[in-house]
Amino acid sequence: MIDDKRIMEKLNAEPCFRSPDIAVVLGSGLGSLADREENESISYSTIPAFPQPTVEGHGGKIVFAEFGSNNVMMFQGRFHFYEGYPMDVVTLFPRLAALLGARLYLVTNAAGGVNRAFHPGDLMVIRDHLNLMGVNPLIGRNRDELGPRFPDMTHAYDPEFSRKLVTCGKDAGLDLREGVYAALTGPSYETPAEINMLRTMGADAIGMSTVPEVIVARHAGLKVCGISCITNLAAGVTDQPLSHAEVLETGERVKYDFVKIISSFLESVSV
Ligand code: HPA
C-alpha cells in the first residue's frame, strides 16, 4: 500500500509547495504546460515512497505554478495500469490532490480517434467515459474519510467546467470536439474489430488511462474536467499501423494550442 501521509509530509516541507486549488495531470507528449521557466518543481525521484514512471514522453515531476489567482499543481508523468502498478498507485494523483485541498482535477491524455469525423491533432473535451478496464479502483474496503461507498457518477465530468474549456478553445480560435472517452488496459493497441465494437458502444476516443483517476477524484468529491488529444486514428479507421512515436509526434504538433487553451482555462476559472 502506498504511504500517502509520507508523500504529503515531504511535499508540505518543500519551499515551492503551495496548497493547490487545481490539480492537472499531463498525458503522453503533453508535458510542456509544466515547462514554463518560472515554474518550480519536485522530481518524483526525490519523494520517498513515490513510484517512478517507465513510459517515454512522461516526465516525472510535480510542478507548482500560479495561473491568475489559482494555485495549480501539475503532475508531469502518470502511472498506468499496464505498467503493472496496482490501482492505488494508478490513482495516487487525485487522492493526493483531494488530501491537499484541491477542488478541481483536470485530466489530459493522448487518445486514439474512434469517431470517424475526428482527425489527428483534434482536441476533445471529455463529456463522459466508458470504464472497460475490467476493474474499479474503489474495490476493497471503502476509505470513508475520502468518500462514500457508492459514489454517483452522473456528472463525472463537470458540465460547467467542460463548457468553460470549450469557450477557452473558441477564444483561442479552435473548435474543440466533445465526446466519450473509453479506457482499456492496454498496452497493446486495439484490433479493428474492437474499435468497431467501441464505436457501437458510444466511444469517440480510446485510451489506456484517466478513467481510474476520475473515479477516485469523484469519490473524493473533486470536480473533474478533461481534454483528450486525438493523437492518431484508432486501429482500422485507416490501414496505418499505430505507434507510440506517432502519439508523441502529434502531442508535439498540438502543444502550442494545447498550452494556450489549458493556460487560459487555468487563469480564468474560479473553483
Ligand atoms: N488506443 C489506445 N490508447 C491510445 C491510442 C489508441 O489508439 N492513442 C493514444 N493512446
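First listed ligand is number 1; within each ligand, the first listed atom is number 1. This one's a predicted model, so the numbers in the text were calculated from it and none came from an experiment.
Listed by number with element, the atoms of ligand 1 under 4.0 angstrom from any heavy atom of M208 are 2 (C), 3 (N). Using a 4.0 Å cut-off to heavy atoms of T231, the atoms of ligand 1 that qualify are 8 (N), 9 (C). Atoms of ligand 1 lying under 4.0 Å from any heavy atom of L242, numbered from 1 in the order shown and given with element: 7 (O). Residue contact check: G207 has heavy atoms under 4.0 Å from atoms 2 (C), 3 (N) of ligand 1.
Closest to atom 4 (C) of ligand 1, if we only count protein heavy atoms, is I206 O, 3.6 Å. The closest protein non-hydrogen atom to atom 10 (N) of ligand 1 is A110 O, 3.4 Å. Among protein heavy atoms, atom 2 (C) of ligand 1 sits closest to E190 OE2, 3.1 Å. Nearest protein heavy-atom neighbour of atom 5 (C) of ligand 1: G112 N, 3.4 Å. Ranking protein heavy atoms by distance to atom 7 (O) of ligand 1, first place goes to N232 ND2, 2.9 Å.
The stretch residues 148-193 participates, sequence neighbours left out, in these ring-ring contact (aromatic ring centres under 6.0 Å, His included) pairs: H129-Y157.
Of the possible donor and acceptor atoms, one in the side chain of N142 sits under 3.5 Å from a partner among the backbone N and O of G147. Judged by distance alone, the side chain of R177 and the main-chain N or O of S228 form no donor-acceptor pair under 3.5 Å.
Only backbone heavy atoms of A111 (N, CA, C or O) come within less than 4.0 Å of ligand 1; its side chain stays farther off.
Two residues are said to be in side-chain contact when any heavy atoms from C-beta on lie closer than 4.5 Å; L92 and P51 meet this criterion.
Using modelled atom types and a 3.5 Å distance limit, the side chains of T46 and K10 yield no donor-acceptor pair.
Applying the side-chain contact (heavy atoms from CB on, under 4.5 Å) test between N109 and each of T231, I227, V211, I126 identifies I126 as the sole match.
Centroid-to-centroid, the aromatic rings of F75 and Y44 stay 6.0 Å apart or farther.
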